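Everything on this sheet refers to the single structure shown next.
Below, read A as the first sequence line, B as the second, and so on, with proteins coming before strands; counting in each chain starts at 1. Keep in mind it's a predicted model, so treat the numbers as computed, not measured.
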Protein chains: 2
Amino acid sequence: MPTPQGKPARASRAPRTPRDGAGPKRATVQEVAETAGVSTATVSRVLNGNYPVAADTRRRVEQAVRTLGYVVNAQARALAGSRTRTVGIIVEDIVDPFFGFIARGVQRQAAEDGKLCLVCSTYGVAGGELDLIDSLREQRADAVIVVGGGVEDAAYRRKLADRAHALNQDGSWLVLCGRPPLAADVPAGVVDYDNTGGAHAITDYLLGQGHRRILYIGGLDQMSVHRARVAGFRRAYASRGLEVDERLIQPGPFSRRLGYERTAQLLRDGSAGEFTAVFGANDGVAVGAMQALREAGLRIPQDVSVVGYDDIPLAAEVTPALTTVHLPLEQMGREAVRLAVALRGESDGPTDTRHVGTHVVIRESTAPAPVS
Amino acid sequence: MPTPQGKPARASRAPRTPRDGAGPKRATVQEVAETAGVSTATVSRVLNGNYPVAADTRRRVEQAVRTLGYVVNAQARALAGSRTRTVGIIVEDIVDPFFGFIARGVQRQAAEDGKLCLVCSTYGVAGGELDLIDSLREQRADAVIVVGGGVEDAAYRRKLADRAHALNQDGSWLVLCGRPPLAADVPAGVVDYDNTGGAHAITDYLLGQGHRRILYIGGLDQMSVHRARVAGFRRAYASRGLEVDERLIQPGPFSRRLGYERTAQLLRDGSAGEFTAVFGANDGVAVGAMQALREAGLRIPQDVSVVGYDDIPLAAEVTPALTTVHLPLEQMGREAVRLAVALRGESDGPTDTRHVGTHVVIRESTAPAPVS
DNA sequence: TTCTGGCCGGTAATCGCTTACTGATGTGAT
DNA sequence: ATCACATCAGTAAGCGATTACCGGCCAGAA
C-alpha cells in the first residue's frame, strides 16, 4: 500500500534561524515596550485605554510610540482579540445611487464607531452575495450587511439562512437591509422600510387628484420589494372601492430603459387602454417613462402625471422634478450598522427587525387628472 | 519618588486555563489536520496549493474541510504570511458616480485577483485622506489607492509623501488615481488621464464649430485637475492664434449649483460679455448651466452649445444629451489595482505613472455657432 | 547491494497583540 | 507595627495560520 499510514516521523528539534531581516519591517509593541522601559502588556493597555495605567508610565509609552512611528497591526490585534473592527456590506452595484447612499450611511456610522468597511458588489451575478458572504466570513467581519438583492427562490433563501447561522456561530451577525426577514428562526437583523405603505400613500395621492387609470411599470414577481409595492398600489384602489385594470400593471426589471420602452409601446399600441398617470416602480423607471411621454408630445403633468419611488437625487434634478416616495437610504445604512453592533454579543437572540419611515415628496410631475 | 523604577517583578510561571470555551468557535487547521490524520502543515499546503501533496492525502484533507465546514481565518493567515489580500481605496464620496465608477473598477479587478476592498470616503473633510491612509496602514492593506482629492497645498503634499514612504516601508504601495505625481523621490504609483489634452480637444472642437466666446465654468486654482483643464482650454485658443477673454473663465467648486448660478448670473448682468458656448469643468457643472440657459429662454444647441467633462451617465441622460470628454473611469480603477500589484515587492522602485486615454464624445448639446 | 536523489509530510518557530494571573508596593485601618 | 486592600505592572499563554528545515521512503544508478 503506497498510502502513508505509519506513525508520523518524529523529527528532532532544530532551532531555526529567524526570518531573514531583509523584508519590510515596522515597529512592534515589543520594541515600543523596550523603548519605554515597560512590558508589552503595559503598552497594549495604554494603546487600548481600557485598564488603569499611571499617568507617568502612559506618557513614556506615548512618547515611545511617537518616536518609533508605531502603528498597531490590525491583523495581530484581531487574532488576539475577538473583533476585527470591520463591517462588510454587499450591494448590487456601488455606482447605483440607491446602494451608494446606503453604503454612505454604513461608512459614516462605521467610521463613528471606529470601524472600517469592506464593500463588495455582485454586479449582476445571481446569488453572488453568497460567495461574498463567505469571503467576509473569512475576513471575520464583525457584521455583514446585505442590501437589497433581486430575484430569490426557496433554495436561495435556504442558503442565505445557512450563512446567517454560520456567521452567528462565529459571533457576528448578518443584517438584511431593504428586504424582508428570512424566517423567525434565522439569526439575522433586518432594517427595512414599508414598501406597501409607501406605494399605498403615493397611489392614494394620485387617486385623490382624480386619476383613475394609473399605469404601474416595473418589478419582477420574484422580488419581494416589487410584490410589496404592487400590494400597496392595489390596496389604495381597494380602500376607495375602486378596481384596478390588470392590464395597467406592467412588470419588468427596474430600469430606465424599461420605463421608456414600455411606456412608448403602450402609447403606440394602446394595449393597456388609456391612462392619465404613470407610477414608476423606482425613479429610474419613472424618468424613462417621462422621456417617452415627452417624445409622444404629452405634457407632464398637464396631460399625464408621473411618480417614482426611492427619491434618488435624479428625481429632484429632472424637469419637471419628480413626485416620489422618499426613502431615508443613508439612515438605513446607519441603522444597519447600529443594529449589528447592538446584536453583537447576543449569541442567539431573536431576529430583530427595524423599520425606517418613508413619505411622499410632492414635486412638479403631478397634477389633477385632466378633465376628459 | 513614587515612580516605579525597580526591576520588573519576576513572576513565577503559572499555567493558565485555556480561554473559556463558551465563546464563538469554529474549526481550525488543527482540527482539520486531526480529522484528516495529517499535520497542520499539510492542511495548509492543500489549502494554498503551492506545494506538492499526494492526491490521496489531498482528498482526505478536502473531505475533512468539507465535513467540518472549515473556513480559513484571514487574520491569522495575514499575520503568518505577508499579505492581507486586501486593497484600500479612498474617495471623496462614494455616491458620486465619478468615484463610484473608479471604485467599481477597483472592486472588479480586486475580485479577479482574489482580494477584497476596504472602501473609505472623506465626505468633504479636508485632508481626511491622511487619517484614512493611517487606518488602512493599520489594516496592512496590500495597496492604498487615493482617488482625486481636492485642494492641496505644500504642507498637505508633504504629509501625503510621508504616508507614501511609510506604506512603502511596510511593503505596500500608495497609488494616486486621477491626480498628478507628487515628486520623483516619492514611492507612489500614479494612474492619471490627460486633462490638458482632453480640454484642448473639446475646446478645439468648439472653436472648429465657429465658437469664439466660450464660457469656462468651474474649478478651484488649488486643484491640479482644474489647472490642467484650463491650460488645455487656453492652449486650444493659442494654437489657433486666438485670444481668450479672461472674464470668460469663471472658477468655483465643481457642482451643478455652480453651473446653474454662475450661468444665470452672467446671463443677467452680462459682466463677462456675450458667449455662444459653455464649457462646464465637469458634467454636473454643465448640466447646471443647461438648466440656467433653458430658463433664460435660450435653446441648446441652437443658441448656445454646452459641453462637459468626465462623461458620467448623467451626460447621456439629459436632454439634449451632453457633448463631453469621456474618461475611462472604471478602467482607471482596474489599472490602479494592477499597478499596485505590479509594484508590490519592488521595495523602492521608481515612481510609475500610467496614463489612460480620453476622447471627446459628441452628442446633441453642441452645434455650429449661430451666425450673429 | 549501497548510494543518491526526488517526493512528501511532520515539527515547531514565528507573526504581533491581548489578557488572565500573579506579584510588588504603598496606604489607611486597627 | 501589622494586615487587608487597592493600584499598577509584568509574565507568558494563547489566537490560527504559514513555512524553513529536516527526515523517512523508495526508485534508479553505480
Write down the distance between CG (B:N73) and C1' (C:dC17), rounded to a whole number of angstrom.
-> 14 Å
Cut-off 3.5 Å, side chains only: do B:S172 and B:D142 have a donor facing an acceptor?
-> no
Distance, rounded to the nearest Å, where A:L79 contributes CG and D:dA13 contributes C1' = 13 Å
Let me know the distance between CZ of B:R83 and P of D:dA17, rounded to the nearest Å.
-> 16 Å
Looking at DNA chain C, which of residues 35-44 of chain A put a heavy atom within less than 4.0 Å of it?
-> A:A41, A:S44
List the steps, then state whether side chain to side chain donor-acceptor pair (under 3.5 Å) holds for B:Q63 with B:R66.
-> CA-CA 5 Å; B:Q63 179 57 48; B:R66 228 168 299 125; 3.3 Å; yes
Nearest-angstrom distance from the residue atom CD of B:E138 to P of C:dC17 | 10 Å
For A:I89 against A:A103, the heavy-atom pair lying closest together = CD1-CA, 3.8 Å
To the nearest 0.5 Å, tell me how far A:L182 CG sits from A:R158 CZ.
-> 12.0 Å
In terms of side-chain geometry, is the basic nitrogen of A:R59 or A:E62 positioned less than 4.0 Å from the acidic oxygen of its partner?
-> no
For A:R137 and D:dG16, what is the distance between atoms CZ and P respectively, to the nearest whole Å?
-> 14 Å
Between C1' of C:dG16 and CD of B:Q139, the distance in whole Å | 14 Å
Does a side-chain N-to-carboxylate-O contact under 4.0 Å join B:R163 and B:E129?
-> no
Closest non-hydrogen atom pair between B:S121 and A:Q107, with its separation | OG-OE1, 2.7 Å
Between C:dG16, C:dG9, C:dC17, which nucleotide has the shortest distance from any of its atoms to the side chain of A:Y70?
-> C:dC17
Shortest non-hydrogen contact from A:L116 to B:Q139?
-> CD2-CG, 3.5 Å
Take B:E31 and B:T35 through the side chain to side chain donor-acceptor pair (under 3.5 Å) test and state the conclusion after the steps.
-> CA-CA 6 Å; B:E31 299 172 50; B:T35 304; over 6 Å; no
Enumerate the residues from residues 45-55 of chain A whose closest heavy atom to DNA chain D is under 4.0 Å, giving them by residue number; use none for an empty result.
-> A:R45, A:Y51, A:P52, A:V53, A:A54
How many Å lie between CD on A:Q75 and C1' on D:dC15, as a whole number?
-> 13 Å
In whole angstroms, the gap separating C1' of C:dG16 from CZ of A:R26 amounts to 10 Å
